[in-house]
Amino acid sequence: MAVKEKKIGFAKRLPSSAVFSIASTVGALLFTSFILWMAGAQPGLTFEKILAGAFGDSVKIANGLVVWVPLSLTAGALIITFTAGLWNLGIEGQIMLGAIAATGTLRVLQNSLLSPVLIILFACLMGMVGGALWAALTGILRLFGGVSEIFAGVGLNFVATALSLWLIFDPWKRPGVGSMSGTEPFDERLWLATIPGYRLSLWSLVLVVVVFIGLFILLKKTRFGIQIKAIGKNLEAARLMGIQTRKQMMAAMLLCGGLAGLAGALQVVAVYHRLIPSISSGYGFLAMLVAMLANNNLMLALLVAYLFAILNIGGIQLPIVLHLDSTLSGVLQTALVLFFLIMNGVKQHLTERKERNRHAE
Amino acid sequence: MQSDVLVGLAGVIASAAPIVIAAIGETLTEKSGMLNLSVNGIILLSAMGGFAVSYRTDNLAAGYLAGILIGALIGLILAFCTLTLYQSQVAVGLVLAFLCRDLSYFLGNGFMGLTAPVMHSATLPFLSELPVLGSLFFDQTVMTYLSLLCIPTALVWINHTRYGLVLRSVGERPEAAFARGIDVKKVRYLYTIVGSALVGLAGPIYTLGLKPGWKGSMTGLDGIGWIVLAITIFGGWNSFRVALGAYLFELLRWLGLVYQAQWSGVPSQVLQVAPFPLMILTLVFVNMKNSEWFESLISLLPPPLYRFFSLKGKRNKAAPSSLGIPFRNV
Amino acid sequence: MEIEIRNIHKSFGAVHANAGISLTVHAGEILGVLGENGAGKTTLMKILAGLQPCDAGEIYVDGKLVHFQSADSALALGIGMLSQDPLDFPMLTIFDNLYLGRKKGFFIQKNSFRKEVEKVEDLLAFHFKLSELVGTLSIGERQQLEILRLLVYGSELIILDEPTTGISTQQKKQLFDLLKRLAELGKTVIFVTHKLAEVNELCRRTIVLRQGKLVGDVALPCGSASLIQAMFGKAVDLQDPLDVSRSEEQFEVRHLVIKDAHFFSNPVNLSVRKGEILGLAGMEGSGQKAFLRTLAGLEKPLDGAFFDEGDALRWGSTHSFTKRGVYFMPAARMEEGLIQGMTVQEHFILSQPAEEIMIDRERSCRISETRIKEFSIHGSSSSNAEELSGGNQQRLLIAMLPERARLLLLENPTRGLDIESTNWIWEKLHERCKKGASILFASPDMEELLRFSNRILVFFAGKISEPFFSRDLNSEKLGALIGGEGWR
Amino acid sequence: AKGTSEPAANSEESEKFVFGMLLVGAYNDQGWNQAHYEAGLYVQDHIPGTEMIYIDKVNTADRPGTTPDQLAEELVAQGAKLIIFDSDDMKDGAHAFAAAHPDIPVIHASGDGAWVDGNAYQNLPNLANVMGRMEYGKEIAGCAAALSSTTGKIGYLGPLINEETRRLTASAYLGAKYCWENVAGKDPADLTFEVTWIGFWSNIPGVTLDPTQVADDFFNRGYDVVISGIDTTEALTEAQKYADEGNTVFAIPYDFKGGCGQTSGVCLGVPYYNWGPSYTSYVQSAIDGNFTPSWDYLAPNWEDLNNPDTSALGFVKGDALPEENGAKLDDFIAELAGGLNLWKGPLNLQDGTVFLAEGETATDYQVWYLPQLLEGMLGLSTAAE
Ligand SMILES: Nc1ncnc2c1ncn2[C@@H]1O[C@H](COP(=O)(O)OP(=O)(O)OP(=O)(O)O)[C@@H](O)[C@H]1O
Ligand SMILES: Nc1ncnc2c1ncn2[C@@H]1O[C@H](COP(=O)(O)OP(=O)(O)OP(=O)(O)O)[C@@H](O)[C@H]1O
Ligand SMILES: [Mg+2]
Ligand SMILES: [Mg+2]
């Protein structure tokens, strides 16, 4: 799927990449069908209902896009760090901090005389700053403290969760009550305008397009992009080539955190209009799967994010019409990635064997 | 009052049991140089699977066995994808973590709120009469005894047996171990499976003992696995310290509830998340020895002392040198 | 024990590393194995020690056909090998390191094994503190440890692959004594090297490998000329380096103290003229690498200063060094120099200093094409670095050095290259010098040092000599200095 | 099975009245959500031609990226003509949905958006609230606890601190105190009533307290009854474990009629909600086209506390309540039925300020929005200041 065709002669006789992609998709579908069969459900019907639930009408399609926006933003963000060879598992916390910073900004400015547009813009900006600062913490721990970004990130996710719960139940609680439903919703004028009749905001769609064009330019057309690619592939060599590896890795973390924070801020201004306990919605981890399945390819990430969004939205139908649990969507999503990794391994294995045979001739 | 505290501490030891076992399992895996990030998923899936099997068979042992088998199976998948297919340990581990979690919720839906057998404490004769130790350690469930037993066993296994030496060597320098005739892949397969099986045992310890029953995402187990990973690091890959980390974690949770009313100024989340900043600080501290500024500090020392600090210092809490790094032999 | 190998073949991709080698090694002899870099010495030894399977061929031990699956099945038959870099465990204790490989027992039997070790130690006349970490030992001690280990496990044949790299003369002497003692005890020793003197000193017989083939089996001692002829195929002729005595000084090092993992150097004072080529001589690991990396800003010195035309360069950011045209080129091509999965063109983009944010693809493509042509790299702009052959990778590395480079710090610039490529690369480097760049390069090859440098610094276990003019040196003198003799 | 039933269903398609339910947790959680789910089944049984559809786990942790109003629309798309939101968490979603769909009757259980005198009045023509006066259930629970406790130490396993949980906890305390003094005739000074809040409705490792540990801690410290304020069953399962090991401890679960589950000898009973009758009347009025918004704060049927067709809440006695105490509890229930009001002065708040003066009885408003715990209760009244 994403794998670039190598220009090496011996690869030619191997089945093309498409074959492996199809094989991994079929594998994931078969696996999920098996799980469905174990749960006593009809696989065909189930998949049909998921699709109907995602494309049944324009509202559903729009709802899919509502999920797609933060998911693709976060996946795009992760592709930056993945390219730089950083497993930014702290992404969930970065989304949360973005949401927290945006909420804080809105709380401060909601009664001011600024125009709502400015307030929203400022909230998004502060969201980016919040996410970036949280990412910076991971970056500093990794680059100056020698703490793997994996563990620093996971730890900081917990801290971020606790922080948001504390804010919701304590300093930012609704008048008189701390509620799981989150902080007091903001005034409607501070909501990001949506298309009438839909939950979808055109602005967030535009934002995704702009961000991805920006990411494409950043990663493919700028020195920074090619430098972090080099860092991701060979840190030491990149350093010896005179690339300022620390600075660029930190920049990658900050950019990623900033975009994740933006996704979190959008959840506040465009979807929930307040801070809720699990504001990150697990998008960070889901986006990680998206980026893996897309093999860090931006265009593919947009598609895969859409596929995953569809599965999330379509999965809602399962309890309604089939009395099944919606986590099936998650099973299918993760199975897709697992089988992709497996087929990737098989492909590499076959490639190597071909190569060996070639030399033996 | 005195006995209150003792009983409370005994409770801490009991509730830390699955974490101790899982973290020791993860320690074994990581000692071989394999990073298993799927712990969280394994615990959930085996908690559900163990409960379901125990419910169906009305047999406790079958449930625990199922948990172990589920863990071993996930370990096998991880090992196959990383050791045979050479995929990234981080990627595969993460995917398995999420896959197992979703599977446990999906498949476990039919087992919500049911009642299966529960493991009770088995007071040890004589030993439980001991003044303080008796009520702390010897009035517990079999699984808690097992967790206590795991600590010295793992310690002895890793440090004092030939097999443990093989394990350490594979995690330290696989190419050298290979040259000594050790089948690195086999060892890594083995410890990934065994370690994951131990992690898998932690699941049913919850659902068949500590927190009986399966309640889907309300079971309150989602996240334990990440804590286990943190504790493995916190403990510096030493089963004794790993266990201490697990006890510290549960102790903090317990203190959080005991002192809730007294410490009304402290947000209740503080003690709960404290282990994570602690883990990070530990890592910073351990890694300080590898950092440039520390290096330049000790390099002022005369060579023998310098060597002492730069190597001896790293010896204790250092990660296995090849952790997470794939090995391919020719 | 008598070993006979017949018609061994081994290929790595297109490289025929061993092309039909047959040989008999007799009990109690010390056999030398000579050959230039890449001749196939290590490959043959690894096959013999079970570390690598061969593609074809047979091995007989005392007349019996054997098959090794692994190093320890070879060790079980009495064949043990000391690798070029010690394959041991720095983070384990000496005891654990020795114990690893035991087949019997569940628990580690500390006492009985300690006795076994002590018995062998007595025989060899040296002792280790078993509770120490291996990593605290010096390279020489680690070699001794490996020999000890092999003997503990009953090795009858001990293969040493270039053991004299990185150890002091003192230690070398100890090692040679040890090996002679082993021979007296009836053990067989195979001694791999590309240094003639060592073979002459230690062995009664040597074989010579070239391009994977056995090209000589010589009784020793004998004259070097014939050995050189066998090793290199032709005698090398020397050429004169540029005359730089009148060009101005552009770099100056004052009281520079460098640190390596195992030592701190003495203070170095040095000034480098425009167009000058300075060779760094010494055994691998004697501090040359640390010296080059320090001058490149990659590592902080303990003390001292580095001036570029009077301006002091500050350590901390490598970038400030590259900005002034100071570049380092590592020896480990694929590990440190090039990036797997990136194209040749991308390598050129990365290595060219530029301030602009965006990449001008067209321009970089042009640059890449001209560089490829200029350095006759076999490959295209869009080939990935790992698809190039070793020689072409080296050319790429050299081609990547930016035009504006004023000081080139080259670690082993012709590693793994044949003589033609070496000459070609030096032509290119001379062009740089004519344009005013200065070069510091490290090389294990004395000929290369003597041929191409104006002056030579000798490194010996962290001791750094005053620069010698290369016209004042010859192979013998330089060899002695490298070996730690003739120092004031 | 679905395939065969479809043709039959088709014929009555036109008359079928579909109502939708949004459950915050799993429909089969043996707690709060199952009580609602079974109420939906009750409606189906009692009004022919109605059908329930539902989405469970309506929370952002389980359903990332969705909002309750969005999910309610999914139900509408499947034909739902009335929507029930079952949790306080869905407050904003319920209000938003009701505002956006004035033609669809909305019932928000436990909310106060339809209460004209309440703090959150929304003035929506299609929004109704319903909540049982669980204060009575908790008072009965508190009484059962006080009657069974030998140590006089009663623990309350609280979720997070808000108005609803405060008033329910306080009610349990009032019931316990009353029965301790007036029924058991013991010294009020010997009664300890302590609440520990876990900080959420369920356990999140690394973030909230562990309810299992909280229950254990109560039992370990000599508390012999734990009343659960959370929807999961940790208190009961822990009590069962302690009892199996030979201790005399009890627990009182919450929410669901079947809450005592399959335990033996530890469950003193369960105060539960019976949403069926009120849902039935709402659905019927929606079918008849005369749905009117109201804020229903429903008292139990004191004639027949556990009548599934008339009582909005009830209390099922557990097998751990001996007959003698059962009888005393019945007497207490009879007193409540006869007009005993425990929310009557003098009552002070936890910080000592007067809540109700001598002889004053609390209004619904005062109870519903109780600002603190009451004097005499141990535990936090609010989250950290
Ligand atoms: N694992 C390998 N993969 C690919 N090529 C290899 C491998 N090992 C050795 N070679 C190639 O085989 C040839 C012989 O290598 P070998 O290491 O035997 O040389 P050598 O005589 O030991 O050289 P040196 O003196 O530099 O150690 C070289 O061209 C080398 O690049
Ligand atoms: N990983 C690879 N992928 C694709 N092609 C490769 C790879 N490695 C080597 N090759 C190709 O195989 C051929 C042989 O490479 P090798 O390194 O053995 O060359 P060589 O004969 O040693 O040349 P040189 O003298 O330049 O080192 C080269 O043409 C190279 O392009
Ligand atoms: Mg060699
Ligand atoms: Mg080559």
Side-chain angles (χ1 to χ4, degrees), chain B residues 1 3-12 14-15 105 109-115 118-121 123 139 141 206 209-213 215-227 230 249-250 253-254 256-258 260-261 263-273 275-276, chain D residues 25-31 34 56-57 59 61-62 160-161 194-214 216-222 230-234 236-238 240-242 244-246 256 258 261-263 378-385:
Chain B
M1 181 61 217
S3 72
D4 277 6
V5 173
L6 271 188
V7 180
L9 291 180
V12 166
S15 51
Y105 291 155
N109 206 33
F111 297 92
M112 295 267 291
L114 299 173
T115 309
V118 175
M119 172 166 285
H120 292 298
S121 55
T123 312
D139 186 11
T141 65
Y206 281 113
L210 276 178
K211 300 168 179 289
K215 296 175 207 86
S217 49
M218 297 283 271
T219 317
L221 294 182
D222 200 348
I224 290 280
W226 299 111
I227 291 162
F249 169 71
E250 288 295 339
R253 297 188 92 183
W254 180 68
L257 75 93
V258 173
Q260 185 175 74
W263 296 351
S264 58
V266 182
S268 70
Q269 288 84 14
V270 167
L271 281 180
Q272 305 304 314
V273 291
F276 295 98
Chain D
Y27 73 93
N28 50 357
D29 68 350
Q30 309 238 298
Q34 193 163 351
D56 65 351
K57 301 189 183 178
N59 60 72
D62 283 315
L160 46 92
I161 307 176
E194 182 180 345
V195 52
T196 300
W197 308 100
I198 66 165
F200 214 70
W201 281 104
S202 64
N203 180 19
I204 313 174
V207 178
T208 69
L209 295 188
D210 180 354
T212 303
Q213 245 180 1
V214 174
D216 279 355
D217 183 62
F218 276 131
F219 292 135
N220 291 341
R221 287 189 293 133
I230 62 172
D231 299 332
T232 47
T233 55
E234 282 86 353
L236 196 62
T237 40
E238 284 317 287
Q240 182 75 67
K241 273 200 304 198
Y242 274 74
D244 288 347
E245 285 158 16
F256 176 59
Q262 291 150 34
T263 55
L378 300 179
L380 292 181
S381 269
T382 51
E385 294 308 318

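In this text the structure is predicted, and so the values were computed from the model without any measurement. Every chain is numbered from 1, with letters handed out A, B, ... down the list of sequences.
Only the side chain of B/Val118 comes within contact range of chain D, with at least one heavy atom under 4.5 Å from a heavy atom of that chain. For D/Gln34, no part lies under 4.5 angstrom from a heavy atom of chain B. Heavy atoms of D/Tyr27 lying under 4.5 Å from chain B belong exclusively to its side chain. For B/Asn109, the parts sitting under 4.5 Å from any heavy atom of chain D are the backbone and the side chain alike. With a 4.5 Å cut-off on non-hydrogen atoms, B/Ile227 touches chain D through its side chain but not through its backbone.
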(request) Go through D/Glu245 and B/Asp139 one step at a time and tell me if the side-chain contact (heavy atoms from CB on, under 4.5 Å) criterion holds. (result) CA-CA 10 Å; D/Glu245 285 158 16; B/Asp139 186 11; 5.8 Å; no
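Partners of D/Thr233 according to the side chain to side chain contact (heavy atoms under 4.5 Å, CB included) rule, which considers only residues two or more places apart in sequence or in another chain, are B/Lys215, D/Thr237. Judged as a side chain to side chain contact (heavy atoms under 4.5 Å, CB included), and not counting sequence neighbours, the contacts of D/Gln213 are B/Ser15, B/Glu250, B/Arg253, B/Trp254, B/Leu257, D/Asp210.
Taking CG of B/Leu210 as the reference point, atom CD of D/Glu238 lies at 7.5 Å (rounded to 0.5 Å). D/Asn203 contributes atom CG, which lies 9.5 Å from atom OG1 of B/Thr219 (distance to the nearest 0.5 angstrom).
No other option in B/Gly209, B/Ser121, B/Gly256 has as many heavy-atom pairs under 4.5 Å with chain D as B/Ser121. Taking B/Met119, B/Met112, B/Met218 one by one and counting their heavy-atom pairs under 4.5 Å with chain D, the maximum is reached by B/Met112. For the set D/Asp231, D/Leu209, D/Thr212, the count of heavy-atom pairs under 4.5 angstrom toward chain B peaks at D/Leu209. When each of D/Thr196, D/Asp216, D/Ile198 is checked for heavy-atom pairs under 4.5 Å with chain B, D/Thr196 comes out on top.
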